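Here is the structure we will look at.
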Amino acid sequence: MKTAVEELSPTRVKLTVEVPFDELRPSMDAAYKKVAQQVRVPGFRPGKVPARIIEQRFGRAVVLEETLNDAVPKLYGQAVDEADVFPVSQPDIEVTKIDDGEQIEFTAEVDIRPNFEVPDYQGAEVTVDSAEVSDEDVDGQLDGLRQRFATLTGVERAATGGDFVVMDLRAEIDGDNIEEQQASEVSYEVGAGSVLQGLDDALEGMSAGEEKSFKTELVGGENAGEEADVIINVKSVKEKVLPELDDEFAQLASEFDTLDELKNSIREQARRNKLIDQVVQAREKALDTLLEKIDIPLPDSALKAEVDARKHNLDHQIAESGLSRDAFFRLYQTTEEERMAEFDTSSARAIKVGFVLDKIVKSEELGVSEQELTQFVVRRAMEMGVQPNELAKHLADNDQLTLAMVEIVRDKAKSVLGDAAKIVDTDGNEVDLKAIYSEINDEPVVEEEAPAEAKSDEDKAEA
């Protein structure tokens, strides 16, 4: 087999492949067997029709077509390996020549990862947040814990921000009651920011037993987007009462006997979290520093596929929320136009990141062990709330184990970048990642990505 490569653009090539007929023999033998199973010829059992009879009865073209259907995809894969290109799209294949008994020729146009060099990343200067734990950090954690153990107490006064009300709601359009827009005994925190615009303003100052109506745009159901009168009837008003910060609270909220022990535990955990944040920041900022030095043309097909995938995920989220599109974006304090623009930017970055990390994976000869793959599946299963063996089966059945391994080695490449960087914190102190790995006992370091990607990467801090 002979392969010629023509560069159509920095991100697209045309492969011209010439294949001697002898190399088609395994596919041709398989084609005869397949056709023999499909045809019925008097005097011959299914699958036992000789090749010459098949050609006489049905023509050699039938066999050649079946041969090429089997052989060309395999030959294309070999041609890609020989040409040392990295496809990022499905190829456009055309058989351009069939010289029966001699050779065939086909072309394949495909988008590829462009050629580029990764600059030296040793000693890249990176600044991360300090791991110093302040009293405010501890107090913030304690306040969050108190909020979890708060109680609600009924009050004989008008509702204000932070209070909880129990209410009935219904909606009317032109005086007609909307059956699906009714709810009873709804508990709601005033000021929480309902997608139902105007609700918080209406509730402010209402007392138990009062009724009020306001006009707003419905956010779900068949009448989503239409203006309606929403009638609210407040049944009760309750205020949140936080528990006192004392030893009794420590015993209630934790396994500790005293408040001081609880505070010390919170301080230790806060430091551990900040150390993990330093690792994550070091890796991401080292990657960002490297990306700034590289200009890579991106294949249009890859960019379109990435954007389309994000749009599909967004549409699924909106459908699952039961909200109208306007209400959904209002809930997340953005607009559809802003989200689409963000998709264009984040998709381009994601593709560039993948290209760069794949180069580092190859240059550093990074791989995935069976143990690492198992650990990845276990961690991801815990995040998803499923059994690890169920997730492993799903990945295997859907040919996604390769994608999992790509994610693992790319995370390793991020670790390489972080470890190679020269890191200081915002206080000017040098940060030693290896010392951090030792202190946090090699626990998983989880990186949070943009919400649009609907997923998170996990790094493992390795000593």
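Bear in mind that the values here come from a model prediction, so they are computed numbers and not experimental data.
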(message) Keeping S321 on the side-chain end and I318 on the backbone end, is there a donor-acceptor pair under 3.5 Å?
(response) yes

(request) Any chance you could lay out the side chain to side chain contact (heavy atoms under 4.5 Å, CB included) test for V307 and K311, step after step, and finish with the verdict? (result) CA-CA 6 Å; V307 171; K311 289 180 178 178; 3.6 Å; yes

(message) Taking L259's backbone N and O only, do any of them form a donor-acceptor pair with D247's side chain (distance below 3.5 Å, no angle check)?
(response) yes

(message) Please check this pair: side chain of T216 against backbone of Q197, looking for a donor-acceptor N/O pair closer than 3.5 Å.
(response) yes

(message) On a heavy-atom basis, which atom in P114 and which in I296 lie closest, and how many Å separate them?
(response) CG-CG2, 3.3 Å

(request) Tell me yes or no: between the side chains of Q181 and N223, is some donor less than 3.5 Å from an acceptor? (result) no

(request) Any ring pair (Phe, Tyr, Trp, His ring centres under 6.0 Å) involving residues 67-116? Give me the pairs, sequence neighbours left out, ordered by first then second residue. (result) none

(message) Is it the case that atom CG in D84 sees more than 12 heavy atoms from other parts of the structure closer than 6.0 Å?
(response) no

(message) So does G191 get a backbone contact from the side chain of D200, meaning a donor-acceptor N/O pair under 3.5 Å?
(response) yes

(message) Check whether K412 reaches the backbone of G367 with its side chain - one donor and one acceptor, N or O, closer than 3.5 Å.
(response) yes

(message) I'd like to know if the side chain of E261 reaches the main chain of D257, judged simply by a donor and an acceptor atom lying under 3.5 Å from each other, with no hydrogens or angles considered.
(response) yes

(message) Please find the pair of heavy atoms, one from A404 and one from L373, that lie closest to each other, and give the distance.
(response) CB-CD1, 4.2 Å

(request) Say whether D111 and T11, considering side chains only, have a donor N or O and an acceptor N or O under 3.5 Å apart. (result) no

(message) Tell me if the OH atom of Y332 is crowded by more than 12 foreign heavy atoms within 6.0 Å.
(response) no

(request) Identify, with sequence neighbours excluded, every residue that meets side chain to side chain contact (heavy atoms under 4.5 Å, CB included) alongside A381. (result) V386, P388, L391

(message) Between H394 and N398, do the side chains contain a donor N or O and an acceptor N or O under 3.5 Å apart?
(response) yes

(request) Kindly say whether D344 contributes a backbone atom to a donor-acceptor pair with the side chain of S347 at under 3.5 angstrom? (result) no

(message) Distance check, rounded to the nearest 0.5 Å: S134 atom OG versus K274 atom NZ?
(response) 5.5 Å

(message) Give me the atom names and distance for the closest heavy-atom approach of V19 to V17.
(response) CG2-CG1, 3.8 Å

(request) Report yes or no: do Q269 and N273 form a side-chain donor-acceptor pair below 3.5 Å? (result) yes

(message) Tell me whether Q141 contacts the main-chain N or O of V138 through its side chain, where contact means a donor paired with an acceptor under 3.5 Å.
(response) no

(request) For atom CG of N115, decide whether the heavy atoms of other residues, nucleotides or ligands shown that lie under 6.0 angstrom number more than 12. (result) no

(message) Going by side chain to side chain donor-acceptor pair (under 3.5 Å), name the residues that satisfy it together with D315, two or more places apart in sequence or in a different chain.
(response) R325

(request) Take R349 and D288 through the test salt bridge (Lys or Arg N to Asp or Glu O under 4.0 Å) and record every step on the way to the result. (result) CA-CA 10 Å; R349 184 185 186 278; D288 288 340; 2.5 Å; yes

(message) Taking D358 first and then R410, would you say they form a salt bridge - that is, a charged N and a carboxylate O separated by under 4.0 Å?
(response) yes

(request) Assess whether atom NZ of K97 is packed by more than 12 heavy atoms of other residues, nucleotides or ligands within 6.0 Å. (result) no

(request) Could you pull out the closest heavy-atom pair between E306 and I351, with the gap in Å? (result) CB-CD1, 4.1 Å

